[in-house]
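Chain letters run A, B, ... following the sequence lines, proteins first, then strands; residues in each count from 1.
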There are 2 protein chains.
Amino acid sequence: MSLAQIRYFVAVAEEGNVGRAADRLHIAQPPVSRQIQALEAEIGTPLFVRTPRGMRLLPSGEAFLHRARRILNALEEATAAARAAGLTSAEVERGTVASRRG
Amino acid sequence: MSLAQIRYFVAVAEEGNVGRAADRLHIAQPPVSRQIQALEAEIGTPLFVRTPRGMRLLPSGEAFLHRARRILNALEEATAAARAAGLTSAEVERGTVASRRG
DNA sequence: CGATCCAATACCGTTTTGGTATGCTGCTCT
DNA sequence: AGAGCAGCATACCAAAACGGTATTGGATCG
């Protein structure tokens, strides 16, 4: 399982359509199809039903969608938190080193 | 950023030592070093200080560590939730389709 | 000053990923 | 009912990412 798979999954779930999701992700359609299949294989259960109109979430997919969004949000927050702490702490570090040097 | 990077980061943070983290992850040391560097580069700030004794977390690293653990937990929970919903829903789906067909 | 410990770099083979072209199935419209 | 269309899946290929081995660089300790 990869973060890309999770992002692809959310896009497909929200668009209800692999091609549209691919456009939104700025990649081609086949990779999205494959990653969704790989994701379902790894989880061990389908997440969508394939209809002639597109992809519709199964209950398993709905359950996964909630958590997937949480994961992506947590990811952004983690980056932002580290970055925020880093800006100050990099300054502090540099200052500390400089004062030890000078 | 990848889930592997997050897992490597947690291992290094907990071991305080790249080589030991690599052992625990069952991979070689250089890939761990590289992924940690890539992670720091992507976030835009260092997460560790390199000391002759190993790696020590910076405040940015501590902030990231908390969220990283949350992400990995959320990931496991997402899989488990989808799997649980899938077992029942796959049965339901099959039954629904069968009843609609027959 | 030599030995040791630990992270970083160089280089290579393998694996994974994405892209293009195409197939297949079911709807839709006349 | 047949032709065209919409949409996901598959085949095949090129590019990128990843991990492994060997080695270097830097700092501590005896």
Checking D/dG20, C/dC6, C/dG18 against the side chain of B/Asn17 (C-beta onward), the nearest is C/dC6
Considering only heavy side-chain atoms of A/Ile27, the closest of C/dG19, C/dA7, D/dA27 is C/dG19
A/Leu3 atom CG is separated from D/dA17 atom P, nearest whole Å, by 15 Å
Between B/Gly54 and A/Ala28, whichever has its closest DNA chain C nucleotide further toward 5' is B/Gly54
5'-most contact on DNA chain C (nearest-nucleotide basis), B/Thr51 vs A/Ala4, goes to B/Thr51
Closest to the side chain of B/Pro30, out of C/dA7, D/dT21, D/dT10, is D/dT21
Out of C/dA7, C/dC27, D/dT28, minimum distance to the side chain of B/Arg50 belongs to C/dA7
A/Phe48 CZ to D/dA9 C1', in whole Å, measures 15 Å
- Query: Ignoring hydrogens and angles, does a donor from either the side chain of A/Arg34 or the base of C/dG19 sit under 3.5 Å from an acceptor on the other?
  - Reply: yes
To the nearest angstrom, the CZ-C1' distance between B/Arg56 and C/dC6 comes to 15 Å
Per atom distances to the A/Val18 side chain, the nearest of C/dG18, C/dA8, D/dC8 is D/dC8
Which part of the nucleic acid does B/Tyr8 contact within heavy-atom distance under 4.0 Å: base, sugar-phosphate only, or nothing? sugar-phosphate
Between CZ of A/Arg20 and P of D/dC8 the distance, given in whole Å, is 11 Å
- Item | Non-hydrogen side-chain atoms of A/Phe48 and A/Leu58 separated by less than 4.5 Å | no
Exercise. Are A/Glu14 and A/Arg69 close enough for a salt bridge, meaning some N to O gap below 4.0 Å?
Worked result: yes
Separation between CG (B/Leu39) and CD (B/Gln37), nearest 0.5 Å, reads 11.0 Å
Is A/Gln35 touching bases, backbone alone, or none of the nucleic acid, heavy atoms closer than 4.0 Å?
sugar-phosphate
message = Has B/Arg20 got a side-chain atom pairing as donor or acceptor with B/Glu15's backbone, closer than 3.5 angstrom?
response = no
In whole angstroms, the gap separating C1' of C/dA10 from CD of B/Gln29 amounts to 13 Å
Between CZ of B/Arg53 and C1' of D/dC29 the distance, given in whole Å, is 11 Å
From CD of A/Glu15 across to P of D/dA6 the rounded distance in Å is 17 Å
Looking at B/Ser33, does any N or O in its side chain come under 4.0 Å of the phosphate oxygens OP1/OP2 on C/dA7? no
### Query
Taking the six-membered ring for Trp, are B/Phe64 and B/Phe9 parallel (under 30°), tilted (30 to 60°) or perpendicular (over 60°)?
perpendicular
Picking from D/dC12, C/dA7, D/dC8, the nucleotide nearest the side-chain atoms of A/Met55 would be D/dC8
_Heavy atoms only, 4.0 Å cut-off, all strands: where does B/Gln37 land among base, sugar-phosphate and nothing?_
sugar-phosphate
A/Leu25 CG to C/dT17 P, in whole Å, measures 15 Å
Item to complete: State whether A/Glu40 and A/Arg34 are salt-bridged, where the test is any N-O pair (Lys NZ or Arg NE/NH1/NH2 against Asp/Glu carboxylate O) under 4.0 Å.
Response: no
